[in-house]
Amino acid sequence: MPSKNKLPDNPFPEVEAVYESFSEDILNLDYDEIKHKYLGKKGLVIDLLCRIKEKQNKEKPLYGKAVNSLKNAIEQKINTLRGKENLQQTGKMLTKDAIDITAPFDVNIPLQDKPKLISQPGSLHPITEIGEKALRIFESMGFHVTYSRRLDNDYNVFEALNLPPEHPARDMWDTFWTQDDLIPITHTSAMQNRILTTKKVPIREVIVGRCMRNEATDASHEHTFYQVEGMYVDKGITLAHLIGTLSAFMNEFYGRDVKYRIQPSYFPFVEPGLEFLIECLTCGQKGCPFCGYSGWVELVPCGPIHPNVLREGGYDPETYTGFAWGLGYDRLVILQSHINDIRHIHSGDLKFLEQFK
Amino acid sequence: MKVSLNWIKEFTKITLPPKELKDVISVSLTEAENIENFGEKYSGIIVAKVLEVQKHPKSDGLLVLKLDVGDLTKTVVIQVCPVKVGDKVPYLKPGTVIPESVLAGGKGIKVEKTKIKEVESEGMIPSGREMALNYDHTTVYTVSGELKPGEDISQSLDLVDQILEIKNKSLTNRPDTFSIIGMARELAAMQREKFQDIDWLGKPELIKPEVPNEERLPIKVVNNAKALCRRYIAVVLDDIKIQDSPSWMQIRLSKHGIHPVNNIVDITNYLMLLTGQPSHAFDYDTIKSKDTVLKGDVTINVRLGKPGEKITTIDEQVKDLYDDTVVIADSSNPIGIAGVMGGKDTEISDLTTRVIFQVENLDMYNVRKTSMKTGLMTDAVTRFSKGLDPNRCESVLYKGIQMMQELCNAKIASKIYDYYEEKIESRFLTVSTDKIRKRLGVEIKNDEIKDILERLGITVKTGSNEDEFILEIPTYRPDLRIPQDIDEEVIRIYGYNKIVPKLPMRSIAPVTVDREPENRKRIRRVFKSIGANELFIYSFTGPDLYNMCNLTLNNCHQLKNPLSPALSYMKPVLLPSILEKIPQNVKTKPELACFEIDIINPMKSADEDVKVNLPAEYWHLGLVHSLSYYHAKLYLDTLMNNLGVLDYNLILPSNISKDKVMDWIKFEMPLFNASRTGLIKVADQIIGLIGEINPFTISKLGLPAHTSGFEIRLDDFDFAIPDIPRYKNPSKYPEVIHDFSLVTDVDVPYDAIVDAIKFADSDSKLISDISCIDIYQDNKNKNNKKTTLRISFQGENKTLKDDDIEAIRSDILKSVKKRVGGVLVS
């Protein structure tokens, strides 16, 4: 036996024998197998320990110590092998299951066990499906599609949107912050300034993104949600155009004339600030929990772009006007699929997802 | 915020029924939460006069009252309390519902006729709490005023009312609407009804009190926080008689959720509800007695907090003060947090006879900050933090003095101290009605615009032409600053829903569709068609999951304020989060493939300064298969094939120098079983990695034994995805198929064998397809393997003859022999 596989200061051959066999096995066996064989309830180490009663009394302490140091040595070796560095560099424990990564299947695989594609149809996430449908409509209406960043800075999320530091309206957004003071975007409006500073008029842009707000999740609240921001900037753009655009979208999306209504609201980056509501399609305006028994669903905060936002983006608000909206498209999904618990969206539960084939 | 419509009716008519009113408010101002029928719960309650108070013969804890309830006399047993003969109280006869019991929305508890220790009790006299008018449960509720026994209490006490409710967090930019008078003006405008303003509010001189020549109780007022306290106005009043305020006032407060305290405090609250301007009264004598270093006159010092200073507020909490907290202090110590809450020591008590009554105007941002820092959210904070009009301080002080004179017997004992250096004047704003119409896209006449604006308290004068309006904006509307603000006023009263929707005229130039999202769409379609399921998983992840995945989140973007540790980092790669979703699904679907396409935020590199440049973000694709490596590879092969990516292969990590492997791949590598991992190479670029998950993670997450997956950075892959696969002329000539069984050393990769075959065909181009039929290893000889390939040959412009086939066969075998040491066996 190679001397490096010896346990230091060990006079007991039976202990040595176990260590030798371990040193051999560690090159060949899986983590689970080796652990079971040596450290399991009926493993070789326990077996050695039990044999302490066969020893003479004066030998017992020394024997116990030897078995213990064996146990420690084995544990340490298994654990370091499990650790990242060893796994990556030596990979010795795993060499026996090395495979040809370029082959289409493993050696000696019977025909029926060769890998096959899953025969049942797969599924796309409803947010993808509905998002694509919405985007297709906006594209047909002349909007270019952009995707939002995930992390952004205070300037884009707030300041460029007429929300200077300490503005009390910042309370309207429960904002997450990273250690570097970046923000997982609270709204896709964070892209508005970038669009204004990089695109030329006429600007017709929709921006898709995942937004995050610091609120606890329950059946009807989610910290993660989805928006399609819309922006239109040109000469002669009016509030009536905003309403016309959103109404035309809803009618196309639902394939019929959808009743809408406008309510005043307040968002510092639009003036006036509006909320575009549509009839509750879940209850047909009879009143249900989804619409808060009002018959109307708040779907699109919107309004003419505030002159300060246009100015910050390099456009003279005396010459150019525009409008913007932030459509919550997960709400479209919920509304259309009658999803009663918003937590399904991110559950990763195939029993939910496979319904969207 | 609650708004009593009865109170509103003192200033304008309400013509609409509650439901319609709620709708009109929602479309003209802000969403009305509710209109509550306040009086309903008081039906059947009448006024009773106490005729006799006697101890209960059997119990010291009870009283027996004889009541005049109009035409009859009734006996009621109550708990001992300070009720007197002559008091007027509400009387609930048997069968009447106790008002408090319907608050939670239940049916309510009915009063019953009972015998209490042998004395018959014919009904109930409620406490203030049981009347749902205040929180007092120590004594019976008594009413003041000219009420006759037997009268319906809800009629005489103004309890038949509708209470409108609006969210406190709405209308953040409209301080004026957080008052009865402001709401009345709005409701009048939206109904186009006449509005009767409070004359003294804008003209304090109308109610200016007479100040005696001699100052009996002079005080010293200093303002050391001028930047944050624009106005401070105060007066000393003496001879005050503290008592309960009259029922009408108590009930008004109760309707707005404010519980009555005493006449002085109630007056300050009453005025706050009416005008939106909070005020406060300090006990003059406790200021004087607690001010240990005071020399001479009582001092009021408006200043900033000092480090280490604390105050006990009226609600008996000890609060730290900061160097940006505006406090009202005596000559040494703070006695109140300006705009937030007064101090406990100097609050008005039953013993108070002299008060300092004060009204201030404060910086809205500062009040909000102080409220957040101290955790105190009061009705005053709600109003101050929307930005109040300093010109109202004076009127409210005068009105308060007047009411305290009437209801508290107060006498003016000092001059009126008014600190107001920078006076705010009404602003003038010139607007073009033509531009208003153009921005709104609505044809609305000048006269109508004028009418709407005037109803909102704006003075309108016509300028150089009929479309030019010069507007004088009242100081209580700080939100109206630019012409676009006027657009909103006009259109919301005109009616948003009268706007005729239009579509913008635009050119028919085609819309550009970006490649990247199209590629993502194609990838999704391919996966869906081959049985994979798309997941959406949070962008947040946590250290526990990454530890189990043999990875560490060091240097990844960490949240300062996560919802939980499991959601405390931005995910730097996709696979761990997907793996986490596998165990719950394999129970019902043992063979599954789940994928996600999402943005990731990679770990920060050492030289990166995210404050200067935003960190790069990437689109990734991750797929996990519950079965072995070759399943994941089949999905990858199929994807590449479907996308038309031909120049693609897998290489061992050990066969490439580390500097060619991107950081994110090195980062994710430990997730995989090192001997079953490959790098995905497209053209000359490593775009991702594929492999089986390492055994440690398999056991920690409870994954199927050979769970496998791959992750690709799509930003590095997009270039390789052809828009349309290149066309290849289909051959008209027949195909010839030959099987080759090649024995090689076991270490020769499959790809190398195929490459050797293709090399042989690089000139002749006769091979149309190569597929693998079997890979066999003899148990006895583990050094060799036999790979059986099926190769199809086809001529592009001729039928292949035996000679052609023989030639290519011989080339193939030579190449295989030379390049990979392979030998043909039959």
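What you see is a predicted model, and the numbers here were worked out from it, not measured in a lab. Below, chain A is the first sequence line, B the second, and so on; all start at residue 1.
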What part of [X] lies closer than 4.5 angstrom to a heavy atom of chain A: side chain, backbone, both or neither?
X	result
B:Met372	side chain
B:Ser28	backbone
B:Ile537	backbone
B:Arg174	neither
B:Ala532	backbone
B:Ser26	both
B:Thr638	side chain
B:Pro562	backbone
B:Asn497	side chain
B:Glu596	side chain
B:Leu567	side chain
B:Asn585	side chain
B:Lys604	side chain
B:Tyr776	both

Any carboxylate oxygen within less than 4.0 angstrom of a Lys/Arg side-chain nitrogen, looking at [X] and [Y]?
X	Y	result
B:Glu489	B:Arg492	yes
B:Glu518	B:Lys521	yes
A:Arg150	B:Asp598	yes
A:Lys199	A:Glu205	yes

* What part of A:Ser140 is in contact with chain B, defined as an atom under 4.5 angstrom from a non-hydrogen atom: side chain, backbone, both or neither? ->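 Contact with chain B involves the backbone of A:Ser140 alone.
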
* **Which atoms of A:Glu215 approach chain B - backbone, side chain, both or neither, heavy atom under 4.5 Å** =>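 For A:Glu215, the backbone is the part near chain B, not the side chain.
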
Where the side chain of [X] meets the backbone of [Y], is there a donor-acceptor pair that is under 3.5 Å apart?
X	Y	answer
A:Asp180	A:Leu182	no
A:Thr238	B:Lys438	no
A:Thr102	B:Leu650	no

* Verify the neighbour count for atom NZ of B:Lys560: are there more than 12 heavy atoms of other residues, nucleotides or ligands below 6.0 Å? =>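 Atom NZ in B:Lys560 is crowded, with more than 12 foreign heavy atoms closer than 6.0 Å.
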
* Asked: Which one, A:Asn108, A:Ile243, A:Val107, A:Thr217, leads in non-hydrogen pairs under 4.5 Å with chain B?
  ->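 Greatest number of close heavy-atom pairs with chain B: A:Asn108.
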
* **Contacts of A:Phe352 that satisfy ring-ring contact (aromatic ring centres under 6.0 Å, His included) - sequence neighbours left out** =>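 A:His344, A:Phe356.
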
* **salt bridge (charged side-chain N to carboxylate O under 4.0 Å, His left out) partners of residues 99-109 of chain A, not counting sequence neighbours, each pair once** =>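 Of all non-adjacent pairs touching residues 99-109 of chain A, those that pass salt bridge (charged side-chain N to carboxylate O under 4.0 Å, His left out) are A:Asp100-B:Lys785.
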
* Picking from B:Tyr538, B:Tyr569, B:Phe540, what satisfies ring pair (Phe, Tyr, Trp, His ring centres under 6.0 Å) with A:Phe176? ->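 Passing option: B:Phe540.
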
